[in-house]
K.L.:
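There's a structure below that I have some questions on.
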Amino acid sequence: MSVSVRRQVAGRGIPIPGNDIDTDRIIPARFLKTVTNEGLGLHAFEDARKHDAEHPFNQKVYEGASVLVAGMNFGCGSSREHAPESLKQWGIKAIVGGSFAEIFFGNCTMLGIPCLSISQDDVLWLQRAVGRDPKQPVNVDVERREVRFGDRVIPARIPDGARNQLVSGAWNATGVLLDAGDAIEATAGRLPYVKGF
Amino acid sequence: MASTLLDRVWDAHTVRTLPSGQTQLLIGLHLIHEVTSPQAFQALHELKLPVRMPARTFATLDHIIPTAAQQRPFADEVAEEMAVHLARNSQQSGVSFFGLDSGRQGIVHVIGPELGLTQPGMTIACGDSHTATHGAVGAIAFGIGTSQVRDVLATQCLAMAKPKLRQVRVDGALSKGVYAKDVILAIIRNLGVNGGVGYAYEYAGAVVDRMTMEERLTLCNMSIEGGARSGYVNPDQTTFDYLRGRQYAPQGEAFDRAVTWWKSMASDANASYDDVKRLDGAAIPPMVTWGINPGQSVGVGERIPAPESAPEPERATYREALAHMGFEAGQPIAGAKVDVVFIGSCTNSRVSDLRVAAAVAKGNRVAKGVRAMVVPGSQQVAKAAEAEGLHEVFREAGFEWRNAGCSMCLGMNDDKLRGREMSASTSNRNFIGRQGSPTGRTLLMSPAMAAAAALHGEVTDVREMMR
């Protein structure tokens, strides 16, 4: 598999229990005071980790994990790409969850981090299963829209657009958008507020 | 065939369909600020690409600036560095920049409409989740991340999937003491914090029709708190009256031609929607959040709900919320003690918000031990409020009157909660740690309710002060 496509991501899991985990929780705003992305990984879940010694990001058994297993509405709140960037730098390569906030989902896709949705029952099962056997890899199959753990195959959802971007290696959209060439200016030129009323 | 504003704006801005199946969507207005743009400019520099349409890009400083002492360089070195980066990136790429000395600086979602940059029928993007605010004038506006800021700078386009459309109708009439903030909090409570995922919201109904433009801005602002990336109100006479004469709005006869086009973009009366939800405006009381997400709210006369009253999957969040807030299930929200009152943010910092708060504060005193501050949304809002003497009303009542900025909404500048302080806030998020202290607590409410909380030192039904 080429490094520039995301057909499948396999790695050890790390469960983040609870719903509505917001981006302020993933990375508090004070760490956004920077003009680079340097060091963001050090601050992933910083306040939650300080508050709770048992937070999964503090537990040795999850060191080296790369597949985060989240609940519903993961990544709600701010549009800060610093949130998925901090998870990525910490080592997260894919996220499986009940559902994702839209901007967070888009930001993850832009960074090449697939986010696959599974049912709430499957989330609870997978979080428990990973907790029991943290060394067992979670296989996130973007192309086939499924998540595999041991013998279990869990059906998963990801919208066509994001899936196609990830499996074809086109999640960094700049080049694709530039390919439109003059059609961009032509579209702008047809808008009355651009050409002048 | 009948169409919606979303359909018409989407079609007019479609450059092409991408191989992924997404739309390459032209962005008519790109707003940038100091937090989510520096890495995007850096990426552009590395790709050796210029800003594609600098004339369609505008910058301002809001998140990190101090609202008390604003002398340069800022005492906070990182804040200063971010301000310098934004000014330099804007200047080098030909982007208009509204800095502190411009007289037009302010929260990006306050200045866009105020300057008339935000117009009906546009697509608008900004590296900030509250960009939906601009939908109030009849634009399709959404928040984006830094990689997408890079894409818009480089190509003036985004790769997007068209959202589904839900019409949210608020019919009837609001009671006295109930405001746009209460309406949006009630909508989020009803439809859930993730109810809008995959949707854009079209707000409609008699209550929305009667709202002023500033009230519509508050309404659309918190679309994202309900999970919807964008929300809008169809343009009408209120919209046109608001825009006429603003600096970047079309002038003279061009304005009349613009109105013709703007009207043509509105949804048809017989348009169909993927979903329709209805609320009765008369049934909405002043709302207060009691928990750690904006959906966890009650009317000011209600009691904090028990986790057992919630659907199973939400009970854990309820318990976590009660533990963080230090509340007991069954406790009335009225009477909850507050330490700090913050009136400001892109949700509620416009001059009409400040008028309402000042009317409540006038002739009264902030309760002993309460730290209360009013932060206007822009330099122009500050100027207009001062011309009406609102700053004097606030100061005489014991509120601090600050300079424009995001302030205590998000803990990226000097304005932060300390320790477990409880804040009555007109901002948009009550997430754990949001207001700058990991253990700080936030109660979201309208400006009138926040002013009442400041005077009494506890959550108070502002309607009782209006009798």
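These values consider heavy atoms only, across backbone and side chains, with no hydrogens, waters or symmetry-generated copies. Letters A, B, ... are given to chains in the order of the sequence lines, protein chains preceding strands, and every chain is numbered from 1.
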K.L.:
Looking at B:Arg52 and A:Glu185, is there a salt bridge between them, counting it only when a charged N and a carboxylate O are closer than 4.0 Å?
P.N.:
yes
K.L.:
Side chain, backbone, both or neither: which part of B:Gln42 has a non-hydrogen atom closer than 4.5 Å to chain A?
P.N.:
neither
K.L.:
Would you say A:Asn19's side chain and B:Pro313's backbone share a donor-acceptor pair under 3.5 angstrom?
P.N.:
yes
K.L.:
Hey, which residues of residues 52-82 of chain A are touching chain B, say heavy atoms under 4.5 Å apart?
P.N.:
A:Met72, A:Asn73, A:Cys76, A:Gly77, A:Ser78, A:Ser79, A:Arg80, A:Glu81, A:His82
K.L.:
Which atoms of B:His13 come close to chain A, meaning under 4.5 Å heavy atom to heavy atom: side chain ones, backbone ones, both, or neither?
P.N.:
both
K.L.:
So does B:Ala228 get a backbone contact from the side chain of A:Glu102, meaning a donor-acceptor N/O pair under 3.5 Å?
P.N.:
no
K.L.:
To the closest 0.5 Å, what do you measure between CD1 (A:Ile184) and CD1 (B:Ile27)?
P.N.:
11.5 Å
K.L.:
Does anything in residues 173-181 of chain A reach chain B? List residues with heavy atoms under 4.5 Å apart, or say none.
P.N.:
A:Ala173, A:Thr174, A:Val176, A:Leu177, A:Leu178, A:Asp179, A:Ala180, A:Gly181
K.L.:
Check each atom of B:Ala316 against the heavy atoms of chain A and say whether the ones under 4.5 Å are side chain, backbone, both or neither.
P.N.:
neither
K.L.:
Any idea which of B:His63, B:Gln22, B:Arg257, B:Met160 has the most non-hydrogen atom pairs under 4.5 angstrom with chain A?
P.N.:
B:Gln22
K.L.:
When only pairs under 4.5 Å are counted, which of A:Pro84, A:Pro192, A:Gly18 shares the most heavy-atom pairs with chain B?
P.N.:
A:Pro192
K.L.:
Within the 4.5 Å heavy-atom criterion, are A:Gln165 and B:Leu18 side-chain neighbours or not?
P.N.:
no
K.L.:
Flag the pair B:Asn194 / A:Ser99 as yes when at least one side-chain heavy-atom distance between them is below 4.5 Å, and no otherwise.
P.N.:
yes
K.L.:
Quick one: closest heavy-atom pair of A:Leu32 and B:Met82, and the distance?
P.N.:
O-CE, 3.5 Å
K.L.:
Select one option (side chain, backbone, both, neither) describing which atoms of A:Phe100 are under 4.5 Å from chain B's heavy atoms.
P.N.:
backbone
K.L.:
In terms of heavy-atom proximity below 4.5 Å to chain A, should B:Ala154 be classed as side chain, backbone, both, or neither?
P.N.:
both
K.L.:
Count the heavy-atom pairs under 4.5 Å between each of A:Asn37, A:Val167, A:Leu124 and chain B, then report the option with the highest count.
P.N.:
A:Asn37
K.L.:
So what's closer than 4.5 Å to chain A heavy atoms on B:Arg434: side chain, backbone, both or neither?
P.N.:
both
K.L.:
If I measure from the heavy atoms of chain A, does B:Thr260 come under 4.5 Å with its side chain, its backbone, both, or neither?
P.N.:
neither
K.L.:
Out of B:His130, B:Arg150, B:Gln148, which one racks up the most heavy-atom pairs below 4.5 Å with chain A?
P.N.:
B:Arg150
K.L.:
Among the options B:Gly436, B:Ser129, B:Ser37, pick out the one with the most heavy-atom pairs lying under 4.5 Å from chain A.
P.N.:
B:Ser129
K.L.:
Contact part of B:Glu320 toward chain A, heavy-atom cut-off under 4.5 Å: side chain, backbone, both or neither?
P.N.:
side chain
K.L.:
Among B:Ala79, B:Gly21, B:Cys157, who wins on heavy-atom pairs under 4.5 Å with chain A?
P.N.:
B:Cys157
K.L.:
Using a heavy-atom cutoff of under 4.5 Å, enumerate the residues of residues 106-122 of chain A that contact chain B, numbered in order, or state 'none'.
P.N.:
A:Asn107, A:Met110, A:Leu111, A:Gln120
K.L.:
Fit a plane to each ring of B:Trp262 and A:Phe197, take the angle between them on a 0 to 90° scale, and name the class: parallel (under 30°), tilted (30 to 60°) or perpendicular (over 60°).
P.N.:
perpendicular
K.L.:
Who among B:Cys126, B:Gly28, B:Gly227, B:Ala55 has the most heavy-atom pairs with chain A under 4.5 Å?
P.N.:
B:Gly28
K.L.:
So which heavy atom on A:Ala188 is nearest to which on B:Met53, and how close?
P.N.:
CB-CE, 3.9 Å
K.L.:
Taking side chain as everything from C-beta outward and backbone as N, CA, C, O, which of these in B:Ile224 sits under 4.5 Å from a heavy atom of chain A? Side chain, backbone, both or neither.
P.N.:
side chain
K.L.:
Is there a side chain to side chain contact (heavy atoms under 4.5 Å, CB included) between A:Glu85 and B:Gln39? Walk through the geometry before answering.
P.N.:
CA-CA 12 Å; A:Glu85 183 66 40; B:Gln39 295 90 341; over 6 Å; no
K.L.:
Which atoms of B:Thr146 are under 4.5 Å from chain A, going by heavy atoms: the side chain, the backbone, both sets, or neither?
P.N.:
both
K.L.:
From B:Asn293 CG over to A:Asp20 CG, what is the distance, rounded to the nearest 0.5 angstrom?
P.N.:
5.0 Å
K.L.:
Is it the backbone or the side chain of B:Thr123 that comes under 4.5 Å from a heavy atom of chain A, or both, or neither?
P.N.:
both
K.L.:
Is B:Leu158 close to chain A through its backbone or its side chain, or both, or neither, when contacts mean heavy atoms under 4.5 Å?
P.N.:
backbone
K.L.:
Against chain B, label A:Ala183 side chain, backbone, both or neither, depending on which of its atoms sit under 4.5 Å from a heavy atom there.
P.N.:
both
K.L.:
So what's closer than 4.5 Å to chain A heavy atoms on B:Gln119: side chain, backbone, both or neither?
P.N.:
side chain
K.L.:
Do you know which of A:Asn164, A:Asp160, A:Leu191 has the most heavy-atom pairs with chain B at a distance under 4.5 angstrom?
P.N.:
A:Leu191
K.L.:
Step through the shown structure and confirm whether more than 12 heavy atoms of other residues, nucleotides or ligands are within 6.0 Å of CZ on B:Arg88.
P.N.:
yes
K.L.:
Just so I understand: if I count every heavy-atom pair under 4.5 Å between each of A:Val194, A:Thr187, A:Asp47, A:Thr23 and chain B, which residue has the most?
P.N.:
A:Thr187
K.L.:
If you look only at pairs with a residue in residues 154-164 of chain B, which of them pass as a side chain to side chain donor-acceptor pair (under 3.5 Å), with sequence neighbours excluded?
P.N.:
B:Asp7-B:Lys162
K.L.:
What distance separates A:Phe105 CZ from B:Arg229 CZ, expressed to the nearest 0.5 Å?
P.N.:
10.5 Å
K.L.:
Check each atom of B:Asp76 against the heavy atoms of chain A and say whether the ones under 4.5 Å are side chain, backbone, both or neither.
P.N.:
side chain
